[in-house]
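Following: one structure in structure tokens, then a few remarks.
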Amino acid sequence: MKAIRLFATILSATLFLSSCSDKDEPAPADANDNFITAFSLTKDGTTYDAVISGEDMTITVPYTVDLDGATATVTATPSAKIYPDPSTVKDWNNERVFLVVSYSGKSREYTYLLHRADISEQGDVTLNSQAEVNAFPEKKVNVIDGNMIIGAKPDGDITDLSPLASLKEVTGSVIIGDGYKGSDLTGVDRIAKIGGLKIGSAENFSTSPIEVVNFHKATEMNGSIEIYDNNVMMVIADKLKSMGGNLIISSTALNSFQFDILENVGGDMTIECGNKAPIRAMAFPLLSQIGGTASVAACPNLTSCEFAKLQKAGGFSMEKVSFNFEKLSLPELSEVAGDFILTSLSAFQPIGSSYTFNEKLERIEGLTKVNRIGGTFRMEDFAGIEALPDFSKATVHGIYIFRCQSLPTTIDLSATTFIANGNENGFLYLDNVPINTINGHSDMDCDFVLLGSTFAFKGVNKVGSLVIRKVNGSPSVSDIQYPFTEIYRHLDIQAGQKASFPQLTRIGGYCNILGRMSLDFPALTSIGGEICVPQKTSEWYFPKLTTVCASPTRFNELPAWWPRDNTDIKKGWGLYMELGNNGDFDLGKLEYIGGKGWYCNLYYSKKAWTTFGLASLKTVKGTLEIVSLPNTDTKLSSLSFPSLISVDKVYIEKFRKLTDFSTFAPLFQNHAIKSADDWTIKTCGYNPTYQDMLDGKYNK
């Protein structure tokens, strides 16, 4: 091309000098013009007109047309000359330059360009027989603007796709049905642009005997690769860089795959092997982003999984990895929008009543750059893992760790931010792990659910919720003393001999106590939800508590993993008491009880109460219910509520020596008790009716 342009320049100069030497010939009116205004080529009776834009002349022909030997027709400035003369040119299959020289010697270059147009077919193309596949090339079509469906009828006889080798683009998906009986996709494997590939579905697995799924030229797909076929052993897409949809491979025969330069998956990435596949290693060397969830499941022989460049994912899940799995590499991962789940297979051993877990995975390689997990980091049943990801500066919704016995004793959450996910608060859930120390920061608005050990907090003053439990097989939970000043939501504890919160002033939600213990809350002034204290509690002191259950708990909104052994508190009583081993208790400042009211069972108490009551109690929203059990020799003869002015209902039962109800006189004098339905006294030494109380017959 450079040689042609040099020749044209020299020729132009020569012609200009020649024209200047001829002074006697008069110049035509268009002496200074040098334009081509129309250009066309005719071959085999068909004329192809050029589009002239500036100095470019472009002719478009179907990709099957050969223009060698075509005849040129040119409209140009009459007095100008064209070099070379188009009538002498035979090769029109290649680009060339024409020099147009005016009468006065001015030159202009025009470039001839050839564009070979694809031949497309609009809509879906369905091929159900080998004969239809063999006949397809006769259409000369190389682009399908729709889906290409092969073998939609199960009784099809298609075994060879090589006649489709001229296809360069399918804008929709290549859909392989059970009527395709071949072992690979040779023939469509060279399609350069493809919307997607579908073989079978999650509901209906393909029975096609395809062993190798191969695409060697496709660099990007707008749609998905979805393979559901238990015959597929290998998937090769070695030039594929980007996908807009899902990458799903589900096959019990899967042995390997190649996605060597794949960088982006817009949707989910799922590899599922159905507990049979021989594949031992998975690697995505350049994959940096997954828009949906990356999921690897049911791969019994898998020992390693590497994502060397993965930075962001919508979610990450490897559930029930085998006992032999030993390597998970995620060195660049910084953000997971949803959950990160890693769990091992577990096997129950009848001898010793124990479980066996994966022992070979000792650490997750990487996860030092994680700055955000929008869902839950969940790790379960790994006997060998020795380290957690670095959560110290991360933003995370939840951390859930279960039965990982080799972890260190401290978890660092000193700069961790816990975030809500919908209606669920951020949380830390630890169960059967060696961790016993939590390094945090002053205000940690997340729910701590801590099972099976005694935990120490460092640097933490405020928490969302605190749940403490002893679980089967765990050592006894020791005495609890936490320096919290506020619990925003719930306190739910089963501890050792004593639970002490010397600086705690407020519990925003419910307070549930389980087990034999002494309770000490010397600074607590309010409990926003319910409080339940069972009969095994020996001593409990709430000397400054004034308000209970101003805001009843919505128990149905607690997360699924929340402990379920809190049935009594779910009954909705603002204050639920079973006075059991109590030598004494202190609720001397309590003024308000909300919810369904106050339920108090004195049967279990070792103390021989003769008079019972709360000196400061003013209001009970709901029922004030004090009961014992039949045939109980209680010594209670009077009740004392000197400040009580408001209660919806009173229910007292089974106190044979109780004859004095004068403490309730103000409730009738101020009409707080409005009907006989609101006043019930049964099986007592004196059972005054509603009318008796209205008449002032308070005692016997």
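Bear in mind the structure is a predicted one, so any value in this text is a computation, not a measurement. The basis for the numbers below is simple: all heavy atoms, side chains too, and nothing from hydrogens, waters or symmetry mates.
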Any donor-acceptor pair under 3.5 Å from [X] side chain to [Y] backbone:
X      : Y      : result
Asp390 : Ser392 : yes
Asp568 : Lys571 : no
Asp648 : Gly622 : yes
His490 : Cys511 : no
Asn371 : Ala394 : no
Ser551 : Gly528 : no
Asn432 : Gln405 : no
Ser638 : Thr611 : no
Asn670 : Ala672 : yes
Ser637 : Leu658 : no

With a 4.0 Å cut-off, would you call Asp431 and Arg469 a salt bridge?
->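 A salt bridge is absent here (no side-chain N lies under 4.0 Å from a carboxylate O).
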Would Lys589 and Glu591 pass as an ion pair if we require N to O under 4.0 Å?
-> no
Would you compute the distance between atom [atom1] of [X] and atom [atom2] of [Y] and round it to the nearest 0.5 angstrom?
X      : Y      : atom1 : atom2 : result
Ile341 : Lys320 : CD1   : NZ    : 12.5 Å
Arg378 : Ser317 : CZ    : OG    : 9.5 Å
Ile487 : Ile507 : CD1   : CD1   : 5.0 Å
Thr409 : Ile435 : OG1   : CD1   : 8.5 Å

Worked verdict on Tyr698 versus Phe664 for side chain to side chain contact (heavy atoms under 4.5 Å, CB included) = CA-CA 8 Å; Tyr698 305 132; Phe664 297 116; over 6 Å; no
Is there side-chain contact between [X] and [Y], with heavy atoms separated by less than 4.5 Å?
X      : Y      : answer
Val650 : Ile673 : yes
Leu624 : Tyr599 : no
Leu590 : Leu575 : yes
Asp381 : Phe402 : yes
Leu636 : Thr610 : no

So Phe382 and Phe357, ring pair (Phe, Tyr, Trp, His ring centres under 6.0 Å) or not? Walk me through it.
-> CA-CA 6 Å; Phe382 288 94; Phe357 315 122; 8.7 Å; no
Sequence-distant partners of [X], salt bridge (charged side-chain N to carboxylate O under 4.0 Å, His left out), two or more places apart:
X      : result
Lys393 : none
Asp692 : none
Asp520 : none
Glu386 : Arg363

Worked check of side chain to side chain donor-acceptor pair (under 3.5 Å) between Asp412 and Ser414 | CA-CA 6 Å; Asp412 185 4; Ser414 56; 2.8 Å; yes
Smallest separation among heavy atoms of Ala615 and Pro642, with atom names | O-CG, 3.5 Å
With [X] via side-chain hydrogen bond (donor to acceptor under 3.5 Å, both in side chains) - residues at least two apart:
X      : result
Asn461 : Ser442
Ser662 : Asp660
Glu486 : Arg506
Ser465 : Asp447

Show your reasoning for whether side chain to side chain contact (heavy atoms under 4.5 Å, CB included) applies to Leu667 and Val647.
-> CA-CA 8 Å; Leu667 300 177; Val647 63; 3.2 Å; yes
On the 0 to 90° scale, with breaks at 30° and 60°, tag the Phe612-Trp598 ring pair as parallel, tilted or perpendicular.
-> tilted
CA sep, side-chain torsions, deciding dist, call: Ser643, Lys618, side chain to side chain contact (heavy atoms under 4.5 Å, CB included) | CA-CA 5 Å; Ser643 303; Lys618 296 179 180 180; 4.2 Å; yes
Do Tyr690 and Phe668 have their ring centres less than 6.0 Å from each other?
->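 Distance test on ring centres: under 6.0 Å, yes.
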Neighbour count above 12 (heavy atom, 6.0 Å) for Lys570 NZ |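 Atom NZ in Lys570 is crowded, with more than 12 foreign heavy atoms closer than 6.0 Å.
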For Phe340, enumerate each residue passing the ring-ring contact (aromatic ring centres under 6.0 Å, His included) test, keeping only those at least two apart in sequence or located in another chain.
->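 Per chain and number, Phe340 pairs via ring-ring contact (aromatic ring centres under 6.0 Å, His included) with Phe316, Phe377.
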Would you list the atom pairs, donor with acceptor, under 3.5 Å between side chains in residues 417-429 and any protein atom, with sequence neighbours excluded?
{"from": "Glu424", "atom 1": "OE2", "to": "His397", "atom 2": "NE2", "distance (Å)": "2.8"}

Is there a donor in the side chain of Thr553 and an acceptor in the side chain of Glu530, or the other way round, less than 3.5 Å apart?
->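 Yes, because at least one side-chain N or O of Thr553 sits under 3.5 Å from a partner of the opposite role on Glu530.
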Any side-chain donor paired with an acceptor under 3.5 Å for Thr525 and Thr505?
->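 Not at all, the side chains of Thr525 and Thr505 share no donor-acceptor pair under 3.5 Å.
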Within residues 432-445 or reaching into it, pairs that qualify as salt bridge (Lys or Arg N to Asp or Glu O under 4.0 Å) - sequence neighbours excluded = Asp445-Arg489
Give me the one residue out of Phe501, Phe484, Tyr541, Tyr482 that meets ring-ring contact (aromatic ring centres under 6.0 Å, His included) with Phe521.
->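 One option only clears the test, and that one is Phe501.
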Starting from the C-alpha separation in whole Å, work towards a yes-or-no answer on side chain to side chain contact (heavy atoms under 4.5 Å, CB included) for Val433 and Ile411.
-> CA-CA 11 Å; Val433 296; Ile411 183 171; over 6 Å; no
Applied to residues 679-688, the side chain to side chain donor-acceptor pair (under 3.5 Å) test, sequence neighbours excluded, yields none
